[in-house]
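Take a look at the structure below.
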Amino acid sequence: MASTSTKELSSSSSSSATAVAPTAEQGILAHPVGFRRRKYADEGPQHASWRNHSKHIFVLSNAGKPVYSRYGDPLKLAGVMGVLQAFFSFVVDDEDELHHVRAGKQRIAFLARGSLYLVCCAKTEEPPAVLRRQLDYVHSLIVSTLTGGIEKLFQDRPFFDLRHLLEGTERMIDSLVSYLDTDPCGFCGAINTLPLAEPMRREIGNIIQDSRSSSFLYGILTAGHQLVNLVRPRKHVILPADLHLILNFVNSVASFRDTESWVPICLPKFNSTGFLYAYVAFIAPKVCLLMLSLKNDTFYELSKCKDSIVKQMKSIGALEAVENALRSQQCSLRQVNAPGLLDFLYISKITRQLVHPVSAPPYHTPRHRKRLLRLYHRLHQRARHSQMYYYQSDWETVVLVSAENYEFFCTFGPLVTKEKVVAACEHLLHWIKTHESTYFILNSPVY
């Protein structure tokens, strides 16, 4: 595993990491290339619009230095950061840990990770555990940029301004937070897989595996925020949390779509102390091939692998099949055809993959979709020790079932009978079992 040092961290922001022939010791996201100006960059506590946002996220050092704010310029929020730092200091001095507090409609979640303090202030009614998990993802993204070497940096220089090393990454953190707000993958720790016929998925995996070079470690093919296939060493898996960072990474940097890129990236759940080196190429408008290596000088070697993979995929129609699946083969309630079913979320505990249908009335608008997702958050926390949880309100009926190998949510209208709920749930389980080879990666290639 490649290692990092304080010196490398300090120098990582000096130049772009997306050139065709890059140097390997550059920081992966320290450049502004591919990022637009942030929409709310000029807001501050004096603006009503800033105070009206439903969810704020702040990151600061244990010395009170601003690192990141979802809304506004962190420098203009020095007073806010100072108050948050005082909260942490109060409990740290007593050798205690602060998890969350409630102030009116606000839930304020706290997370301390080494020298970094993270805070989420939300009016969304999401459980504190969900907010803390989102903060953990933000911390992991920062580590993926700089590795765990930031701890040594802060030990040597407690008042170091980390924003200089993270310059240009704010939109990536913004993108990750928005993704966690609107997609169920984050809170249930699972991956969304592109629906694809099993023989075609297997052929794609075999092509990637057979085309790998001696320096190849992982090969990952994605379509949007969905995983198509993954090739890995037999003894090393990639956990969903790291895959979420990868998916956010390749989809939030616009410049990746224009050229082949070579970037160091740290996968915190795999090894937080050093970088892997990622070859990134969009082989179709929304289809990305990412190959990871332990070596920092294999860009051209992996570029040749990409050429071979693309040529073979085109020859068997695999690239076209992936693009067609992305356009027209997403899961829908019409395909499931369970009477009365308005939405569902199925999570496989074995593969850590999920199935979730495209938006349909009455949850077809972003606001209603987000409301339902946050209801799932709350029910998941309430029912974490139950095999079945039944919820009914004026708006909907939701049943949560948890078994040894799976768990699922099913949503119905408020007047549905329990008999219809049971029948629809049984129908859904049968449908999932019948189509699991299309919606899940059951046997990803290993070597």
Side-chain angles (χ1 to χ4, degrees), residues 130 133-134 137 140-141 175-198 200-201 204-205 218-232 237-252 267 269 282 284-290 321-333 335-336 343-360 363-364 366 369-370 372-374 376-377 380 405-411 428 431-433 435-444:
V130 172
R133 178 180 285 228
Q134 293 173 4
Y137 268 102
S140 292
L141 192 151
S175 174
L176 176 65
V177 174
S178 296
Y179 171 69
L180 296 174
D181 260 346
T182 56
D183 194 287
C185 292
F187 93 88
C188 59
I191 290 295
N192 193 0
T193 305
L194 180 75
L196 193 65
E198 192 276 334
M200 181 59 72
R201 195 188 306 276
I204 292 171
Y218 292 101
I220 303 168
L221 188 67
T222 69
H225 273 90
Q226 296 175 296
L227 183 65
V228 179
N229 214 334
L230 167 70
V231 177
R232 62 174 180 85
V237 300
I238 295 184
L239 296 177
D242 283 338
L243 280 171
H244 293 155
L245 294 180
I246 289 173
L247 289 167
N248 181 71
F249 174 53
V250 300
N251 284 287
S252 58
L267 301 181
K269 305 302 181 185
F282 273 80
K286 293 185 178 181
V287 182
C288 179
L289 175 64
L290 183 140
V322 170
E323 291 187 282
N324 288 338
L326 189 59
R327 284 193 298 266
S328 60
Q329 294 185 21
Q330 302 300 312
C331 177
S332 70
L333 292 172
Q335 292 172 326
V336 178
D343 189 75
F344 73 89
L345 172 61
Y346 179 96
I347 304 113
S348 168
K349 295 181 179 180
I350 298 175
T351 65
R352 300 313 307 176
Q353 297 168 41
L354 61 81
V355 182
H356 194 210
V358 295
S359 301
Y363 305 108
H364 57 295
R369 193 72 171 175
K370 190 178 290 187
L372 181 63
L373 179 60
R374 288 171 177 168
Y376 288 171
H377 290 173
H380 194 258
N405 296 329
Y406 62 83
E407 62 182 342
F408 65 83
F409 299 81
C410 282
T411 300
L428 174 65
W431 184 86
I432 291 286
K433 184 64 178 177
H435 297 87
E436 64 178 353
S437 63
T438 297
Y439 288 92
F440 298 119
I441 302 173
L442 301 177
N443 295 291
S444 61

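Quantities reported herein were computed from a predicted structural model and do not represent experimental measurements. Values below: all heavy atoms of this structure, side chains included; hydrogens, waters and symmetry mates excluded.
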Is it true that Glu436 and Lys433 have a side-chain N and a carboxylate O under 4.0 angstrom from each other?
yes
Inset, instruction - Would you check, one step at a time, whether the test side chain to side chain contact (heavy atoms under 4.5 Å, CB included) holds for Cys331 with Trp431? - result: CA-CA 11 Å; Cys331 177; Trp431 184 86; 3.8 Å; yes
Could you walk me through whether Asn405 and Ser348 satisfy the side chain to side chain contact (heavy atoms under 4.5 Å, CB included) test, starting with their C-alpha distance in whole Å, then the side-chain angles of each, then the deciding distance to 0.1 Å, before giving a yes or no?
CA-CA 6 Å; Asn405 296 329; Ser348 168; over 6 Å; no
Separation between [atom1] of [X] and [atom2] of [Y], rounded to the nearest 0.5 Å:
X: Leu354; Y: Phe408; atom1: CG; atom2: CZ; answer: 14.5 Å
X: Ser252; Y: Leu141; atom1: OG; atom2: CG; answer: 8.0 Å
X: Arg352; Y: Ile191; atom1: CZ; atom2: CD1; answer: 10.0 Å
X: Ile347; Y: Gln353; atom1: CD1; atom2: CD; answer: 12.0 Å
X: Asp183; Y: Lys370; atom1: CG; atom2: NZ; answer: 12.0 Å
X: Leu196; Y: Gln329; atom1: CG; atom2: CD; answer: 6.5 Å

Nearest heavy atoms of [X] and [Y], plus distance in Å:
X: Ala223; Y: Leu326; result: O-CD1, 3.8 Å
X: Val228; Y: Thr222; result: CG2-C, 3.9 Å
X: Tyr439; Y: Thr193; result: O-CB, 3.6 Å
X: Leu442; Y: Ser437; result: CD1-CA, 3.9 Å
X: Val231; Y: Gly205; result: CG2-O, 3.7 Å

Query raised in the report: Centroid-to-centroid, Tyr406 to Tyr346, below 6.0 Å?
Result: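 Ring centres of Tyr346 and Tyr406 closer than 6.0 Å.
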Over 12 non-hydrogen atoms of neighbours within 6.0 angstrom of NZ in Lys349: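 Enclosed: over 12 neighbouring heavy atoms sit under 6.0 Å from NZ of Lys349.
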Q.
Take a 6.0 Å sphere around CG of Asn443 and say whether it holds more than 12 heavy atoms from other residues, nucleotides or ligands.
A.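 Not buried by this count: 12 neighbours or fewer within 6.0 Å.
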- Task: Could you walk me through whether Tyr363 and Thr411 pass side chain to side chain contact (heavy atoms under 4.5 Å, CB included), step by step?
- Result: CA-CA 11 Å; Tyr363 305 108; Thr411 300; 3.5 Å; yes
Counting N and O atoms only, with roles assigned by atom type, does the side chain of Arg133 sit under 3.5 Å from a partner on the main chain of Gly186, one being a donor and the other an acceptor?
yes
Expected output: side-chain Arg201 to main-chain Thr438 donor-acceptor under 3.5 Å
yes
Got [X] and [Y] here, is their nearest side-chain heavy-atom distance under 4.5 Å?
X: Arg369; Y: Thr182; result: no
X: Gln335; Y: His435; result: no
X: His377; Y: His380; result: no
X: Glu407; Y: Leu345; result: no
X: Val336; Y: Pro357; result: no
X: His364; Y: Val358; result: no

Across all chains, not counting sequence neighbours, the side-chain contact (heavy atoms from CB on, under 4.5 Å) partners of Ala284 are Val287, Leu319, Glu323
- Would Phe440 and Val355 satisfy side chain to side chain contact (heavy atoms under 4.5 Å, CB included), going step by step from the backbone distance to the final call? CA-CA 8 Å; Phe440 298 119; Val355 182; 3.5 Å; yes
Taking distance alone, no hydrogens or angles, what donor-acceptor pairs closer than 3.5 Å link side-chain atoms of residues 241-251 to residues at least two apart or in another chain?
from	atom 1	to	atom 2	distance (Å)
Asp242	OD1	Lys269	N	3.2
Asp242	OD2	Lys269	N	3.2
Asp242	OD2	Phe270	N	3.0
His244	ND1	Tyr137	OH	2.7
His244	ND1	Pro240	O	3.3
His244	NE2	Ala190	O	2.7
Asn248	OD1	Ser175	OG	3.0
Asn248	OD1	Leu176	N	3.2
Asn248	ND2	Met172	O	3.3
Asn251	ND2	Gly224	O	2.9
Asn251	ND2	Leu247	O	2.7

Review point. Taking the inter-plane angle between the rings of Tyr179 and His225 on a 0 to 90° scale, is it parallel (under 30°), tilted (30 to 60°) or perpendicular (over 60°)?
Key: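 Tyr179 vs His225 ring planes: parallel.
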Item checked: Ring geometry between Phe409 and Tyr376 (parallel below 30°, tilted from 30 to 60°, perpendicular above 60°) ->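 The arrangement is parallel - the two ring planes meet at less than 30°.
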